[in-house]
Amino acid sequence: MKGIVFTEFLEMIENKFSPEMADRIIEQADLRSGGIYTAVGTYDHSEMIELASRLSDETGIAPAEIMRSFGMYLFERFYTMFPIYFDRVSSSFDFLQRIEGYIHVEVRKLYPEAELPSFACATPHPGCLRLTYRSARPFAVLAEGLIRGCIAHYGEAVDIEVEDLSDGTGTAARFLLTKRDLPP
Amino acid sequence: LSDVEQLKRRLERERQARKAAEAIAEEKTREIYQTNIQLQQLNSRLEELVRQRTAELAAAHDEAVRASQAKSHFLANMSHELRTPLNAIIGIAEMLRDDAVDDDRPDLLEPLERIHRAGHHLLHLINEILDLSKIEAGKLELSLEEVEPASLLRDALVTAEPLAARNGNRLETRFAQDLGRIQTDPLRLRQIVLNLLSNACKFTEQGTVTLEAWREDMDEDRWLVVGVADTGIGMTPDQLDRLFQEFSQADASTTRKYGGTGLGLAISRKLARLMGGDITVESTLGQGSRFVIRIPARTASAMATMPVATADGPREPASAAAKNRVLVIDDEETVRDLMRRFLTREGFEVVTAADGEEGLRLARDLRPALITLDVLMPGLDGWAVLKELTGTPALADIPVVMLTILEEKNRGYALGASDYLTKPIDRDRLRALLGRYCEAAVAKQALVVEDDPDLRAWLCRLLREGGWTVAEAENGRVGLACLAASPTDLVLLDLMMPEIDGFEFLERLRSTEAGRHVPVIVVTAAEMSDRDRQRLNGGVLRILQKGGHDRDQLLAELHALLAAHGSRQAA
């Protein structure tokens, strides 16, 4: 998993909770990296699960909820850090449909070794987008958070139905996004 | 304290992360550097490869250009090599045919006609191949003239009549009222029309071939349109596609059944395009075809150079002394022979030169009325001779007819040639030209005194063909009687004859006022003794041994002797 996910996660803890909280969970967690992350490095994804689990212990918030919130936070951070990917993108559906064909392509240019999840898109009918997440790692919830963050970013009213495709392991899920008709 | 500890830990983590990031940056930088090196190597390898390939391509290109030049050169040479013997075949076949007619030998006439036809057919094929290669090499020149298309087309139609008759076809014309005049290359236009007409006749049986013509004039856009329609076998769309390609007929079986090289149409279309026009075709299988030629009413002169000297008309003959003297400059012995035979028969005095230097020398010495000049000769070639002739004031007035295998009319005219004939020589055209430039020999009176009737008849015919009016006598007595009746310009005299023999005839002749200066040529089969020669006492121009000459040689010799005699008398 790319280092940026870890550095952003820790920054979120420092901002939303406190630097002490961040230090504490690093100290408590059993991390091969010792909690030393750089955005340009690559680290074992189990460390993310460990960190989320420690934060859950500290705060009492369920790990899934932590990952979902982190996803929403991370999306906004992406917008700040990589505005180029948002150029000429006007809606969440627009953006989400570009993940596989554009954003992941760009990521691979910089990090050829990156193991990225797949995001298959389909439009069963207008106003509806079906995203299918598949990964070697159990981060369907993080993906859901990112999707929600995206919808929030564009300020749209979209209903999300999540269907687990991985018998609860979190490595695959289908998200059915439906635009809500706004009352006139 | 715990805050400090915590900050220290945090600082340490940040420091470590920074170092890790720096290490990653360094690693990435190294990777990029290595990649750059590899790219540079790849680049220079590619550049080297491009250089190699470019060199290979340049070599291949040079090779192709050389090959193409070699091909053109080969074609030019081959055309010369092929047409030279063809000249001889066609020319000699013509001579023999004339002989067969004269000798009333229809049995010989037919095979000679066949040789003549086959020779012409072969010549036609060679010309087609040369035309095509010339067009492709961009070396074909158009000779533009103002012509009346109506008469040009009618002329082509007359030529096509025998072809139409062969397959029982009817020829029809449908010409618009006023086709006016156009500026084009009439020979090439005729070639195209004839090609289409002959194709139409070839592929139609018991049908109709229609030649149509009309004008399409819209302001500056003026065209002559000529259509050739037939009711013949027609073509499939597939056959139409391949129609204008070289060496391609509708299909291979066509070649077997109908003959031909398959070059005609390709050449015709290329010629039409060269003139700024085109040929199109529509056809229905089993119903017939219609070819339409469309050419500009005024072919742009950029596509051709106009002959410059033709408008001046024929030049005046050089001097009165040699009004019927023709100098033939040609390195080919066969051509010189044929020309000598032909011109002698036509009543000209012929002098030949085998190369340019000799030709120039003879031109200066003899001042002929006309010079025929070959182009391709070893040493000084025809162009150089022409330049020298037109550049020498004393010789510049002698008309020069280029007589060559090369089709570079415009160059000839530009250098000052009076006319241009391509080999094999069309005798009718040559005859017409000679008439234009020279005074044909005035018919002269000759007397043949010979007791052998066959030899007498032969000599008489020979002289008549040479433009002489001939009286004949079977012995010296009759000969003297003839002379008394009418004066003569020449006597051909046998020596051994009954009643009055040659010696006595000569003595009596020289004793009369009228006969004192008449040139006498002795034609004898006898070996002359010294005594015999003394008896003749220089009273004769020349002694010719019978059997030692063929008739044309003899005739040429007679002309030469008389010319020499004439100029001596004038001097």
Side-chain angles (χ1 to χ4, degrees), chain A residues 1-48 50-52 54-55 57-59 74 77 81-82 106-115, chain B residues 1-65 237-238 241-242 245:
Chain A
M1 181 171 260
K2 292 311 301 172
I4 191 165
V5 183
F6 292 90
T7 54
E8 289 302 321
F9 186 71
L10 291 175
E11 260 189 50
M12 179 191 74
I13 296 170
E14 286 178 2
N15 293 337
K16 302 278 176 184
F17 299 95
S18 67
E20 292 75 18
M21 175 74 91
D23 183 60
R24 199 151 58 239
I25 65 170
I26 287 167
E27 286 301 300
Q28 285 166 2
D30 178 19
L31 303 168
R32 243 182 78 202
S33 66
I36 299 160
Y37 302 109
T38 162
V40 291
T42 304
Y43 307 91
D44 194 318
H45 70 275
S46 63
E47 294 195 10
M48 177 52 69
E50 175 72 5
L51 285 169
R54 289 291 149 254
L55 184 61
D57 292 347
E58 286 288 324
T59 59
L74 191 58
R77 289 290 300 146
M81 289 185 287
F82 312 112
E106 292 299 313
V107 172
R108 281 201 181 89
K109 285 182 192 169
L110 292 174
Y111 305 102
E113 76 288 357
E115 293 170 25
Chain B
L1 185 76
S2 68
D3 276 0
V4 175
E5 291 274 313
Q6 192 192 319
L7 277 173
K8 268 189 186 165
R9 275 202 302 276
R10 212 177 144 194
L11 186 64
E12 184 55 26
R13 279 201 301 273
E14 290 299 337
R15 191 182 287 144
Q16 293 293 335
R18 195 195 74 221
K19 283 181 182 163
E22 284 165 357
I24 289 168
E26 203 178 303
E27 177 66 17
K28 287 269 178 200
T29 309
R30 195 173 295 118
E31 272 174 25
I32 288 168
Y33 172 76
Q34 292 295 347
T35 309
N36 267 339
I37 295 277
Q38 282 168 8
L39 278 175
Q40 269 168 20
Q41 283 169 350
L42 188 67
N43 191 30
S44 57
R45 253 210 317 280
L46 282 175
E47 274 175 6
E48 181 53 38
L49 218 59
V50 167
R51 258 197 299 279
Q52 262 177 34
R53 290 271 195 282
T54 310
E56 281 168 20
L57 280 175
H61 175 258
D62 290 352
E63 182 77 6
V65 168
D238 209 38
D241 280 350
R242 289 197 308 275
Q245 289 168 14

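Just so it is clear: chains get the letters A, B, ... in the order the sequence lines come, proteins before strands, and each one is counted from 1. All figures in this text were calculated on a predicted structure; none of them were measured in a lab.
Ranked by non-hydrogen atom pairs under 4.5 Å with chain A, the options B/R9, B/Q16, B/K28, B/R10 are led by B/R9.
Screening A/L31, A/V5, A/T42 against A/Y37 for a side-chain contact (heavy atoms from CB on, under 4.5 Å) leaves a single residue, A/L31.
The line from CG of B/L11 to CZ of B/R18 is 9.0 Å long, rounded to the nearest 0.5 Å.
Residue contact with chain B, scored on non-hydrogen atoms closer than 4.5 Å, is absent for A/L10. Heavy-atom distances place both the backbone and the side chain of A/E20 under 4.5 Å from chain B. With a 4.5 angstrom heavy-atom cutoff, B/K19 does not touch chain A via any of its atoms.
Between A/R24 and A/E27 there is no salt bridge, since none of the side-chain N atoms of the basic residue sits less than 4.0 Å from a carboxylate O of the acidic one. Salt-bridge formation is detected for the pair A/K109/A/E106: a Lys NZ or Arg NE/NH1/NH2 atom is positioned less than 4.0 Å from an Asp or Glu carboxylate oxygen.
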